[in-house]
Amino acid sequence: MSKVGDQAVQGDLLNRSMKSRHLFMLSLGGVIGTGLFLNAGYTINQAGPGGAILGYLLGGLILYMVMICLGELAVYMPVTGSFQTYATRFISPSAGFSLGWMYFVGSAATAGVEFTAAGILMKHWFPDVPVWIWCALFMVLLFALNALSTKAFAETEFWLAGIKVVAVILFIVIGVGAIFGLIPLEDRVTPALTNLAPSGLFPAGIAIVFVTMMNVIFSYQGSEMVGIAAGETEDPQKNIPKAIRTILIRIIVFYIASIIVLSAIFPASELGLLESPFVTLMNLAGIPYAGSIMNFVILTAILSVGNSCLYASTRLLWSMAKEGMAPKMFGRLSKRKVPLNALIFTMVFSLFSLLTSVMEADAVFVLLMSIAGIAVTISWMGIATSQLMFRRKYLKDGGQLAELKYKVPFYPLIPLVCIGFCLMILVFLSFDPEQRIGLYYGVGFFIACMLFYKLRLEKKNKKSV
């Protein structure tokens with residue numbers, strides 16, 4: 001049997017229980033969490049309204065290029081290992097090993113970010129309870145949910161994603177009403193579009209946009225989960241392209257519209273991480289209990305993203321174990337077809353959120369966000385490179401473009417531009433003292449993984465083939 005066939009068999013060890021509606025909401029809800037509800041305000045504060053809008057538009061373009069590259073690969077080879085498997089086959093096993101572990105650490109760290117953010121939000125109701133206690137409680141809750149079954153995870157994500165989509169649309173409607181005076185704001189004059197005057201769009205200059213791009217990349221992390229879920233999705237050739245097509249729409253509607261609303265109502269200096277600006281706006285609008293309701297909705301949204309990150313990390317680790325790139329114990333399934341050992345190991349990385357017991361919560365948030373953002377940037381480069389190498393090999397082996405169910409247009413321009421943008425973001429990070437150390441550790445970890453594979457695993461895996 002071919003390697004593609006082997007992968008398909010491995011994928012079928014997990015239940016293909018995700019339906020079209022599950023995959024759609026997974027892709028839609030994957031980017032609506034901390035990145036929007038807390039990080040958007042932080043990005044506006046750092047780069048100004050113009051810088052934030054430009055940054056999220058540029059990030060959306062990069063994400064779209066990544067997703068269509070991933071789409072071609074995932075439709076051709078719908079496996080649970082996703083881009084780690086593609087990098088192994090079409091770049092090199094050492095690249096696949098490194099990208100797999102890089103994304104695993106980044107996704108697991110993102111779960112820690114979500115737990116930290118959830119703890120910060122709980123201070124809205126319980127200001128005297130330490131953040132780390134909430135982090136621990138939410139970790140136990142999501143561990144239990146992921147340990148049940150894939151169907152339980154997918155169904156939970158479907159409804160949680162639906163709630164936050166409705167909440168964001170409601171926020172945008174109320175925000176537009178507040179901007180033009182249809183909904184009065186407490187102790188404030190009608191802002192109209194004065195905060196979006198040209199003189200205030202880029203208070204820190206244009207260059208800061210590229211430095212804050214890591215915040216943007218972190219915000220968009222999660223969309224590539226569609227590829228990881230391919231191995232547990234019904235009819236992937238039909239459902240994966242359908243999910244990918246919604247990406248640009250949701251970015252424009254949810255991120256860009258929300259940032260315009262926030263920037264129009266609040267001066268950039270008022271925004272940060274201490275409280276979600278979404279909650280602040282609802283309180284100012286004077287809608288009874290709206291602030292607390294919005295805070296609860298945001299809490300569920302953040303936990304759903306954390307839930308998704310645990311899912312992605314666990315499945316990726318399971319896939320690597322099946323390919324000899326992680327300890328075999330992580331490749332075992334429970335009676336419910338859940339990689340329980342992989343889930344337990346993933347939760348260990350989420351313990352970083354408990355650093356809030358000894359560090360300021362916002363400092364832990366920025367640290368983990370930087371780690372996760374760098375990991376996903378390198379992973380996106382790996383996806384684009386895998387598609388570039390796949391198409392070249394596919395044509396060389398006599399494959400016909402007409403036979404590909406989903407194709408990247410303007411090949412090879414799109415994967416090359418995507419790789420170039422990601423490299424540029426990493427270069428700009430080196431000029432930011434706060435994120436430079438994260439860049440060094442991220443790149444260093446990737447190189448260390450490649451060396452480890454070359455020195456310790458390469459010969460062993462060749463013998464087992």
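When a residue number appears, it is its place in the shown sequence, counting from 1.
- Aromatic ring orientation, Tyr76 versus Phe390: tilted (interplanar angle from 30° to 60°).
- Taken from CZ in Phe104 to OG in Ser319, the straight-line distance is 13.0 Å, to the nearest 0.5 Å.
- Within the model, atoms CZ of Arg315 and OG1 of Thr346 stand 9.5 Å from one another, a figure rounded to the nearest 0.5 Å.
- Nearest approach of Leu262 to Phe171, heavy atoms of both residues: CD2-CZ, 3.6 Å.
- Ring pair Phe345/Phe330 is tilted by interplanar angle, where 30° to 60° counts as tilted.
- Scanning all heavy atoms of the two residues, the minimum distance from Ser313 to Ala108 falls at OG-N, 3.3 Å.
- The side-chain contact (heavy atoms from CB on, under 4.5 Å) test applied to Ile91 returns Ala87, Ala95, Thr385, Ser386, Met389, not counting sequence neighbours.
- The structure places CG of Leu303 at 7.5 Å from CZ of Phe115, a figure rounded to the nearest 0.5 Å.
- Considering every non-hydrogen atom in both Pro327 and Ala321, the closest pair reads O-CB, 3.4 Å.
- Not a single salt bridge (Lys or Arg N to Asp or Glu O under 4.0 Å) links Asp128 to another residue, sequence neighbours left out.
- Between the CD atom of Gln84 and the OG atom of Ser98 there is a distance of 10.0 Å, given to the nearest 0.5 Å.
- Trp101 places a side-chain N or O within 3.5 Å of a backbone atom of Met325 that can act as its donor or acceptor partner.
- The closest donor-acceptor contact from the side chain of Asn295 to the backbone of Leu121 lies under 3.5 Å.
- Here the side chain of Tyr56 pairs no donor or acceptor atom with the backbone of Ser219 at under 3.5 angstrom.
- In this structure, Tyr411 places its OH atom where more than 12 heavy-atom neighbours from other residues, nucleotides or ligands lie under 6.0 Å away.
- Formation of a donor-acceptor pair under 3.5 Å by the Arg391 side chain with backbone atoms of Glu72 is not found in this model.
- Under the 3.5 Å distance criterion, the side-chain polar atoms of Tyr255 are left unmatched by any main-chain donor or acceptor of Tyr220.
- Here the shortest heavy-atom pairing between Leu343 and Ala147 reads CD2-N, 3.8 Å.
- Side chain of Ser94 to main chain of Lys454: no donor-acceptor pair is present (N/O by atom type, distance under 3.5 Å, no hydrogens or angles).
- Residues Gly331 and Trp318 come closest through the heavy atom pair O-NE1, 3.2 Å.
- For the atom pair CD1 of Ile163 and CZ of Phe296, the computed distance is 7.0 Å after rounding to the nearest 0.5 Å.
- Listed by chain and number, the residues in a ring-ring contact (aromatic ring centres under 6.0 Å, His included) with Phe126 are Trp134 (sequence neighbours excluded).
- Although no hydrogens or angles enter the test, the distance criterion places a donor-acceptor pair under 3.5 Å between the side chain of Thr314 and the main chain of Leu310.
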